[in-house]
Amino acid sequence: QVQLVESGGGLVQAGGSLRLSCAASGRTFSSFAMGWFRQAPGEEREWVAVISRSGKTTVYADSVKGRFTISKDNRKNALYLQMKSLKPEDTAVYYCAATQSIMVITAERGYDYWGQGTQVTVSS
């Protein structure tokens with residue numbers, strides 16, 4: 001079992017920045033690939049960024065490429081999402097998730113553990 005707790009969400013103006021954190025407890029964090037997903041009101045949840053077990057491989061959705069950075073600190077059992085140049089369309093509940101897959105995957109169904117989410121609101 002892995003418990004995931006997100007933090008760092010909030011209200012920010014367009015063009016601003018936020019850093020989301022995801023604290024993990026339970027099984028060895030380094031044995032999980034991780035991802036950030038988001039769900040806007042009335043929309044389906046979508047993947048944002050994913051990272052390999054080691055943290056060396058990252059993949060980004062086109063909508064956030066160049067603005068968001070995902071990182072993983074296996075010593076601190078923590079996952080991060082640095083978000084810059086935020087847009088109103090980035091408004092959503094952001095979730096971190098963990099997968100036991102050895103591959104970096106973007107499919108939601110491939111993730112085994114989920115956090116409760118943190119709200120990010122970007123005002124125009």
Side-chain angles (χ1 to χ4, degrees):
Q1 284 281 2
V2 172
Q3 292 77 43
L4 303 172
V5 180
E6 303 96 334
S7 61
L11 174 64
V12 64
Q13 289 188 331
S17 299
L18 278 177
R19 187 194 196 206
L20 304 183
S21 299
C22 175
S25 60
R27 290 178 54 187
T28 305
F29 187 64
S30 60
S31 64
F32 291 91
M34 303 291 295
W36 285 100
F37 293 75
R38 68 185 181 185
Q39 187 169 22
E43 302 288 334
E44 292 188 352
R45 190 155 54 184
E46 63 177 359
W47 74 278
V48 174
V50 296
I51 190 166
S52 63
R53 291 178 173 183
S54 67
K56 293 180 180 179
T57 300
T58 57
V59 184
Y60 296 91
D62 287 344
S63 58
V64 306
K65 199 173 296 182
R67 300 188 298 121
F68 290 11
T69 303
I70 187 172
S71 60
K72 186 176 188 269
D73 189 332
N74 286 333
R75 293 173 300 174
K76 295 183 178 180
N77 287 0
L79 178 73
Y80 305 102
L81 186 68
Q82 178 67 52
M83 305 185 292
K84 300 186 299 182
S85 302
L86 283 161
K87 305 175 181 179
E89 51 264 43
D90 294 319
T91 295
V93 177
Y94 283 71
Y95 300 89
C96 69
T99 175
Q100 299 175 80
S101 170
I102 62 172
M103 304 288 292
V104 175
I105 57 174
T106 60
E108 183 177 334
R109 64 182 181 275
Y111 284 78
D112 306 294
Y113 304 100
W114 292 83
Q116 83 291 345
T118 186
Q119 176 71 48
V120 172
T121 303
V122 184
S123 63
S124 58

Do you know the tightest heavy-atom contact between [X] and [Y]?
X	Y	result
Leu20	Met83	CG-CE, 3.7 Å
Ala24	Val2	CB-CG1, 4.4 Å
Ser30	Arg53	O-CB, 3.4 Å
Pro88	Ala14	CD-CB, 4.1 Å
Gln100	Asp112	N-OD2, 2.9 Å

Same cluster or not: [X] versus [Y], using hydrophobic residues (I, L, V, M, F, W, Y) connected whenever any side-chain heavy atoms lie under 4.5 Å apart?
X	Y	value
Leu79	Val48	yes
Val50	Phe29	no
Leu4	Ile105	no
Phe32	Val104	no
Tyr80	Val120	no

Give a yes or no answer on whether the side chain of [X] reaches the backbone of [Y] with a donor-acceptor pair at less than 3.5 Å.
X	Y	result
Thr99	Ser101	yes
Lys72	Ile51	no
Asp73	Ala78	no
Thr57	Ser52	no

Euclidean distance, [Y] [atom2] relative to [X] [atom1], rounded to 0.5 Å:
X	Y	atom1	atom2	result
Arg67	Ser85	CZ	OG	7.0 Å
Ser31	Ile102	OG	CD1	12.5 Å
Glu43	Thr91	CD	OG1	12.0 Å
Thr58	Lys65	OG1	NZ	10.0 Å
Leu81	Thr69	CG	OG1	8.0 Å
Gln116	Cys96	CD	SG	7.5 Å

Just wondering, do [Y] and [X] contact through their side chains at under 4.5 Å, heavy atoms?
X	Y	result
Arg38	Val64	yes
Glu6	Trp36	yes
Ser17	Gln82	yes

Within 45° cone and under 6.0 Å: Lys84 NZ/CZ vs Phe68 ring: no
Tyr95 six-ring centre to Arg45 NZ/CZ under 6.0 Å and within 45° of normal: yes
Of Trp47, Tyr94, Tyr111, the residue whose pairing with Phe37 passes ring-ring contact (aromatic ring centres under 6.0 Å, His included): Tyr111
Ion pair check, Lys87 and Asp90, cut-off under 4.0 Å: no
